[in-house]
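Proteins come first, then strands; the chains are lettered A, B, ... in the order of their sequence lines, and each starts at number 1.
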Number of protein chains: 2
Amino acid sequence: MSKQPVRVPLALVDCHTPLVDEPLSADQAERLASSFKALGDPIRLRLLSLIASHAGGEACVCDLTDAFDVSAPTISHHLKVLRETGLVTSERRATWVYYRAEPAALDLLSTVLSVPQRANA
Amino acid sequence: MSKQPVRVPLALVDCHTPLVDEPLSADQAERLASSFKALGDPIRLRLLSLIASHAGGEACVCDLTDAFDVSAPTISHHLKVLRETGLVTSERRATWVYYRAEPAALDLLSTVLSVPQRANA
DNA sequence: CGTTTATTTTGACCGATGTCGAAGCAGACG
DNA sequence: CGTCTGCTTCGACATCGGTCAAAATAAACG
């Protein structure tokens, strides 16, 4: 029942305030933009969603490849982009490679976009 | 004290479930990706943040241009991208053009990325 | 060990996108 | 009316990014 260690991708430490609250620094914007860019492709979004919503919290690449009309190298490329931004992690077990979503990364981006309701300014 | 009309950008009606809950359809992914792609540029992120956090809830283009090292046409281009995805709206008043953030659009994207905490699957 | 299957890397292609200067448009103000 | 200022559009250019086929790597299996 212990708390999971909260894994915030290295590139995103220090970005935790909703962007509507105060202007992002150039530096924060640079790092956040990389993450959103990774989400800015329909195949990557679907991959992430498939992985995150998959039974057991992980999905094998072979499961993912079949869901799309693009070649295996293309899927691999998109997974790499998601990995490099810390949105997913991967682990090889025997023949197959399994991907998991990184909830802390998603949550952080969700927070940045959130709109805290307050008195209408 | 009446409720504001909730303005969800047309392209995003029908996308309201966290992507970790169930796989996005190709169609939803396509539309959401457009929005995230708009957020996938550091200048656009900072523009959005500047606009949303600006006193009065709106900012004039002239305020925005000075904050960056790029030309006015480039700022205008980025604002157009934000406008076309429904993240901001603009209004001309006399000499100046004012931009506002669209909270419903931000909130929707925030929801899609959110991670509802539940029993660890 | 050679083969087969799963996944990634490499290299090339080409369309998409960020950038700028120049030109255009819209109001305001003499 | 003519001109000035604020903003956008146009056209060109360079870079980036998604895609594939082919080759490379990894692990199992016979």
- Message: The test is side chain to side chain contact (heavy atoms under 4.5 Å, CB included); show your working for A:L113 and B:F36 and say whether it passes.
- Response: CA-CA 11 Å; A:L113 296 184; B:F36 288 123; 4.1 Å; yes
- side-chain hydrogen bond (donor to acceptor under 3.5 Å, both in side chains), paired with A:Y99, selected from A:H54, A:E58, A:E91, A:R83: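 Among A:H54, A:E58, A:E91, A:R83, the one that satisfies the side-chain hydrogen bond (donor to acceptor under 3.5 Å, both in side chains) with A:Y99 is A:R83.
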- Of A:A94 and A:I43, whose closest DNA chain D nucleotide lies nearer the 5' terminus?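 The residue closer to the strand's 5' end, by nearest nucleotide, is A:I43.
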- Message: Reading DNA chain D from 5' onward, which residue's closest nucleotide shows up sooner: A:R93 or A:A72?
- Response: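 Nearest nucleotide further toward 5': that of A:A72.
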What is the distance from [atom1] of [X] to [atom2] of [N], rounded to the nearest Å?
X: B:D63; N: D:dG6; atom1: CG; atom2: C1'; answer: 12 Å
X: A:W96; N: C:dT4; atom1: CH2; atom2: C1'; answer: 13 Å
X: A:R44; N: D:dT19; atom1: CZ; atom2: C1'; answer: 12 Å
X: A:D41; N: C:dT17; atom1: CG; atom2: C1'; answer: 14 Å
X: B:E30; N: C:dA16; atom1: CD; atom2: P; answer: 13 Å
X: A:Y98; N: D:dA26; atom1: OH; atom2: C1'; answer: 15 Å
X: A:L82; N: D:dG17; atom1: CG; atom2: P; answer: 14 Å
X: B:L47; N: C:dT19; atom1: CG; atom2: P; answer: 10 Å

May I ask you to say what [X] touches in the nucleic acid, namely base, sugar-phosphate or nothing, with a heavy-atom cut-off under 4.0 Å?
X: A:Y99; result: sugar-phosphate
X: A:F68; result: nothing
X: B:H77; result: base
X: B:T95; result: sugar-phosphate

Any side-chain N or O of [X] under 4.0 Å from OP1/OP2 of [N]?
X: B:S76; N: D:dC7; result: no
X: A:K80; N: C:dT7; result: no
X: A:T74; N: D:dG18; result: no
X: B:S71; N: C:dC20; result: yes
X: B:K37; N: C:dT17; result: yes

- ILVMFWY network linking B:L32 to A:V81, side-chain heavy atoms under 4.5 angstrom: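 Different clusters: B:L32 never reaches A:V81 through Ile, Leu, Val, Met, Phe, Trp or Tyr contacts under 4.5 Å.
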- Query: Do you reckon B:L24 sits in the same ILVMFWY cluster as A:F68, going by side-chain contacts under 4.5 Å, direct or chained?
  - Reply: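 Yes; A:F68 is reachable from B:L24 via cluster members.
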- A:L47: which of A:D41, A:L79, A:L87, A:V61 passes side chain to side chain contact (heavy atoms under 4.5 Å, CB included):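 The passing option is A:L79.
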- Message: Checking contacts here: which listed nucleotide (D:dA26, C:dG18, C:dT8) is nearest the side-chain heavy atoms of A:R92?
- Response: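 Given the options D:dA26, C:dG18, C:dT8, the side chain of A:R92 is closest to D:dA26.
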- Query: Among D:dA22, D:dT19, C:dA28, which nucleotide sits nearest the side chain of A:P73?
  - Reply: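 Within the option list, the nearest is D:dA22.
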- Task: Indicate yes or no: at least one non-hydrogen side-chain atom of A:V20 is less than 4.5 angstrom from one of A:P116.
- Result: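 Heavy-atom side-chain distance check passes, below 4.5 Å.
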